[in-house]
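As the structure is a computational prediction, the values presented were derived from the model and not from experiment. If you read the sequence from its start, that first residue is 1, and numbering goes on from there.
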Amino acid sequence: MPEAKLSLRGVEKSFGANQVLRGIDMEVTEGEMICLIGASGSGKSTLLRCINQLEPIDEGRVLLDGQDISEPGLDLGPVRRRIGIVFQSYNLFPHMSALENVTLAPRRVLHEEATALQARAATLFARFGLAEHMLKYPDQLSGGQQQRVAVIRALAMRPEIMLFDEITAALDPELVGEVLAVLRQLREEGMTMLLATHEMGFARDLADRVCFMDGGVIVEEGPPEQIFSAPQVARTQAFLASVLRQ
């Protein structure tokens, strides 16, 4: 087995009396795409937020290239530059153009030179079909275009791992495809990715591994053909029967 790029060992997280994660163990190798599926409230989003330390964990360890990034007191700036995250809400600054939204963090955090940064940003916009929109403001863009800008903004920080939290959930159905095309391209380029998603067809077609979460645990995991065609656990079978019937 290749050495893990990211390891979770016994990760637990509670909010008050509500235990959301109950001892999560996971190994992610470089270039792997893992899709997290499960009902709302199963712990998928919290798990992603714990991976890049937006939420501190209560127990366990999160290791990035063997380094414990969940250690109390650790400077999290470098960690969050290496692990990008995109949410279902775009969170673009409305008073800034798409280009300004994308270049703000690299300019302030990475201290990149403006000309080189703008050239690199323009390349990203072109890669994802938004070259003609990069000077527009968020309210001049569709939801799908805004979500693609949010992905580009995260990529502009040159992350090693990308986390996506239900990034198609807020989109009209006809706009979902253009965002999934971005993920498909990143998959082809070898980006290491973890996605919380309700897009079962996408997970079946492109994931290296699918993890079904329920009640704060990974109930079952495996290659998509196993999870979707021959799930072994009754809870997985019931969930998939429900969502695939819709």
Return yes if a side-chain donor-acceptor contact under 3.5 Å exists between [X] and [Y], otherwise no.
X: E220; Y: T236; answer: yes
X: T115; Y: E113; answer: yes
X: S42; Y: D214; answer: no

Assess whether atom CD of E59 is packed by more than 12 heavy atoms of other residues, nucleotides or ligands within 6.0 Å.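 No, the 6.0 Å shell around CD holds no more than 12 heavy atoms from other groups.
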Which residues share a salt bridge (Lys or Arg N to Asp or Glu O under 4.0 Å) with R49, sequence neighbours left out: E55
When clusters are formed by joining ILVMFWY residues with side-chain heavy atoms under 4.5 Å apart, either directly or through shared neighbours, do [X] and [Y] land in the same one?
X: F202; Y: L175; result: yes
X: V149; Y: F164; result: yes
X: M157; Y: M134; result: no
X: L194; Y: M33; result: no
X: L74; Y: I161; result: yes

Taking all non-hydrogen atoms of both residues into account, name the closest pair between [X] and [Y] and its distance.
X: S45; Y: D165; answer: OG-OD1, 2.7 Å
X: G60; Y: S70; answer: O-OG, 4.1 Å
X: F239; Y: I37; answer: CE2-CD1, 4.1 Å
X: A126; Y: A131; answer: CA-CB, 4.0 Å
X: V179; Y: G144; answer: CG2-O, 3.8 Å
X: Y90; Y: A150; answer: O-CB, 4.0 Å

Quick one: do R184 and D205 make a salt bridge, cutoff under 4.0 Å? no
Looking at E112 and R120, does any basic side-chain N land under 4.0 Å from a carboxylate oxygen?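 Counted as a salt bridge, because a side-chain N and a carboxylate O are separated by less than 4.0 Å.
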Would you say the side chain of [Y] lies within less than 4.5 Å of the side chain of [X], judging by non-hydrogen atoms?
X: V79; Y: R82; answer: no
X: L180; Y: E199; answer: yes
X: L244; Y: M200; answer: yes
X: E27; Y: S7; answer: yes
X: L117; Y: V102; answer: no
X: V62; Y: Q67; answer: no
X: V11; Y: M26; answer: no
X: L104; Y: R153; answer: no

When you measure from the side chain of [X] to the backbone N and O of [Y], does any donor-acceptor pair fall under 3.5 Å?
X: K136; Y: L141; result: no
X: K44; Y: A39; result: yes
X: S14; Y: A17; result: no
X: Q146; Y: P138; result: yes
X: K5; Y: L64; result: no
X: S97; Y: L135; result: no
X: E166; Y: H198; result: yes
X: S229; Y: E225; result: yes
X: R148; Y: F128; result: yes
X: N101; Y: L92; result: no

Going by side chain to side chain contact (heavy atoms under 4.5 Å, CB included), L183 matches just one of L206, I167, T168. Which one?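 Testing each of L206, I167, T168 against L183, the sole residue satisfying side chain to side chain contact (heavy atoms under 4.5 Å, CB included) is I167.
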Report the C-alpha separation of D25 and R9 in whole Å, then their side-chain angles, then the decisive distance to 0.1 Å, and conclude whether the salt bridge (Lys or Arg N to Asp or Glu O under 4.0 Å) test is met. CA-CA 5 Å; D25 294 306; R9 299 179 182 171; over 6 Å; no
Output the distance between atom [atom1] ([X]) and atom [atom2] ([Y]), rounded to the nearest 0.5 Å.
X: M162; Y: M193; atom1: CE; atom2: CE; answer: 8.5 Å
X: L110; Y: T103; atom1: CG; atom2: OG1; answer: 11.5 Å
X: L63; Y: E71; atom1: CG; atom2: CD; answer: 11.0 Å
X: I85; Y: L163; atom1: CD1; atom2: CG; answer: 5.0 Å
X: L54; Y: R80; atom1: CG; atom2: CZ; answer: 5.0 Å
X: L155; Y: T123; atom1: CG; atom2: OG1; answer: 12.5 Å

CA sep, side-chain torsions, deciding dist, call: I69, R61, side-chain contact (heavy atoms from CB on, under 4.5 Å): CA-CA 8 Å; I69 60 172; R61 303 170 74 200; over 6 Å; no
What residues form a side-chain contact (heavy atoms from CB on, under 4.5 Å) with V20, not counting sequence neighbours?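 For V20 the side-chain contact (heavy atoms from CB on, under 4.5 Å) partners, ignoring immediate neighbours, are F15, N18, T46.
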Test side-chain contact (heavy atoms from CB on, under 4.5 Å) applied to E221 and I218, step by step: CA-CA 7 Å; E221 65 178 293; I218 296 176; 4.1 Å; yes
Worked verdict on E32 versus R209 for salt bridge (Lys or Arg N to Asp or Glu O under 4.0 Å): CA-CA 8 Å; E32 189 174 21; R209 193 155 31 112; 3.0 Å; yes
What verdict does the side-chain contact (heavy atoms from CB on, under 4.5 Å) test give for V217 and R235, after you've listed the backbone C-alpha separation in whole Å, the side-chain angles of each residue and the deciding distance to 0.1 Å? CA-CA 12 Å; V217 300; R235 287 155 76 189; 4.2 Å; yes
L36 vs L48, test: side-chain contact (heavy atoms from CB on, under 4.5 Å). Steps then yes/no. CA-CA 10 Å; L36 308 175; L48 294 181; 4.0 Å; yes
